[in-house]
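Structure record follows, encoded as structure tokens.
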2 protein chains.
Amino acid sequence: MSDAHDVLFRTLADPTRRALFERLCREGEKTVGALTARAGVSQPVVSKHLGILKQAGLVRDRHEGRQTHYSAQLGALAPLVDWTSEMASFWQSRFDALEDLLKRMDQ
Amino acid sequence: MSDAHDVLFRTLADPTRRALFERLCREGEKTVGALTARAGVSQPVVSKHLGILKQAGLVRDRHEGRQTHYSAQLGALAPLVDWTSEMASFWQSRFDALEDLLKRMDQ
DNA sequence: AACAGGCATAGCTCATCGGCTATGTGGATG
DNA sequence: CATCCACATAGCCGATGAGCTATGCCTGTT
């Protein structure tokens, strides 16, 4: 029973995988070969990581002849933003409640 | 050479650990015992996770007699927000929640 | 048809890590 | 001082996962 947050955090936790995603965000669509050239790991490893990124919805693949082009799907980061925002809002609301309490005690 | 993003993602990738952090965000300061009661894992495991969260700067501990109180340190999420924001900036996409969060965290 | 190139899959190894139980430490309490 | 309680630490084990090499599949080329 793993929710969307789980998948995102686990997927982005690996440095190699995150680096691949970052490159796709910065430089746009790339082939597996182009990604492998600077990844520092073997081609099968790159393919595997891209598969995991795809399963998490973070990238999309497009086949053109015998090469596969990958590109970042930024929308998949939404749950991450939501989660962070939610944590912040809870924290903020408790802070507000404390301020409220202090204000009332001041009277 | 593990940067701040690495530590944050890896720390939050574990469901049990993330659940602990979420509870501290939602419900405020808690003792180890209180956290253990609903964590679904043993007390040593909870202590260990809290130690990892602390090392990542996500929580803070306060000793009071023989119990230890833990609380969330929301500021530690900043690098996460920055990273997401950076990725998003390459897309020139609008993330209202993110902008909102940045504004609030900027005090 | 035969071959070469680009990528995916399979199968393996090794390190990491999350869980447990047992034990240590240090503050309250009688 | 003896004891109990709250928590931390130590040590072990099984599962997960990231890396590798070898190989398969498909496409384009000659």
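Every chain is numbered from 1, with letters handed out A, B, ... down the list of sequences.
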Practice prompt. Please round to the nearest 0.5 Å and tell me the distance separating atom CZ of A/F9 and atom CG of B/D14.
Written response: 11.5 Å
Would you kindly give the [atom1]-to-[atom2] distance between [X] and [N], to the nearest whole Å?
X     : N      : atom1 : atom2 : value
B/H49 : D/dC7  : NE2   : C1'   : 16 Å
B/R17 : C/dT16 : CZ    : P     : 15 Å
A/R10 : D/dA18 : CZ    : C1'   : 14 Å
A/L50 : D/dA18 : CG    : P     : 13 Å
B/K48 : D/dC13 : NZ    : C1'   : 12 Å
A/D6  : D/dG17 : CG    : P     : 11 Å
A/L12 : D/dA18 : CG    : P     : 12 Å
B/L20 : D/dC7  : CG    : P     : 13 Å

Worksheet item: Looking at DNA chain C, which of residues 30-47 of chain A put a heavy atom within less than 4.0 Å of it?
Response: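 By residue number: A/T31, A/V32, A/G33, A/Q43, A/P44, A/S47.
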Fill in: Stretch residues 54-70 of chain A: residues that reach within less than 4.0 Å of DNA chain C through a heavy atom
A/R66, A/Q67, A/T68, A/Y70
Worksheet item: Which one of B/R62, B/R66, B/Q67 satisfies the side chain to side chain donor-acceptor pair (under 3.5 Å) criterion with B/E64?
Response: B/R62
Discussion item. Ignoring hydrogens, what is the shortest heavy-atom contact between A/D3 and A/D6? Give both atom names and the distance.
Written reply: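 Here A/D3 and A/D6 meet closest at OD1-N, 2.9 Å.
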Worksheet item: Between B/A13 and B/R18, what is the shortest heavy-atom contact and its length?
Response: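 Heavy atoms only, the tightest pair is O-NH1, 3.6 Å.
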Worksheet item: For the side chain of A/S85 and the backbone of A/V81, is there at least one donor-acceptor N/O pair under 3.5 Å apart?
Response: no
Worksheet entry | Backbone N/O of A/R10 and side chain of A/R17: donor-acceptor pair under 3.5 Å |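 Indeed, once roles are kept as given, a pair shorter than 3.5 Å links the two residues.
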Practice prompt. Before accepting this row, confirm whether a basic side-chain N of the pair A/R60/A/E29 lies closer than 4.0 Å to the acidic partner's carboxylate O.
Written response: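 Looking at A/E29 together with A/R60, the answer is no, because their closest N to O distance does not fall below 4.0 Å.
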Practice prompt. Given side-chain contact (heavy atoms from CB on, under 4.5 Å), test B/V46 with B/T16 step by step and report yes or no.
Written response: CA-CA 9 Å; B/V46 172; B/T16 304; over 6 Å; no
Name the atoms and distances for all side-chain donor-acceptor pairs under 3.5 Å in residues 34-45 of chain A, with sequence neighbours left out.
from, atom 1, to, atom 2, distance (Å)
A/T36, OG1, A/V32, O, 2.8
A/Q43, NE2, A/S47, OG, 3.1

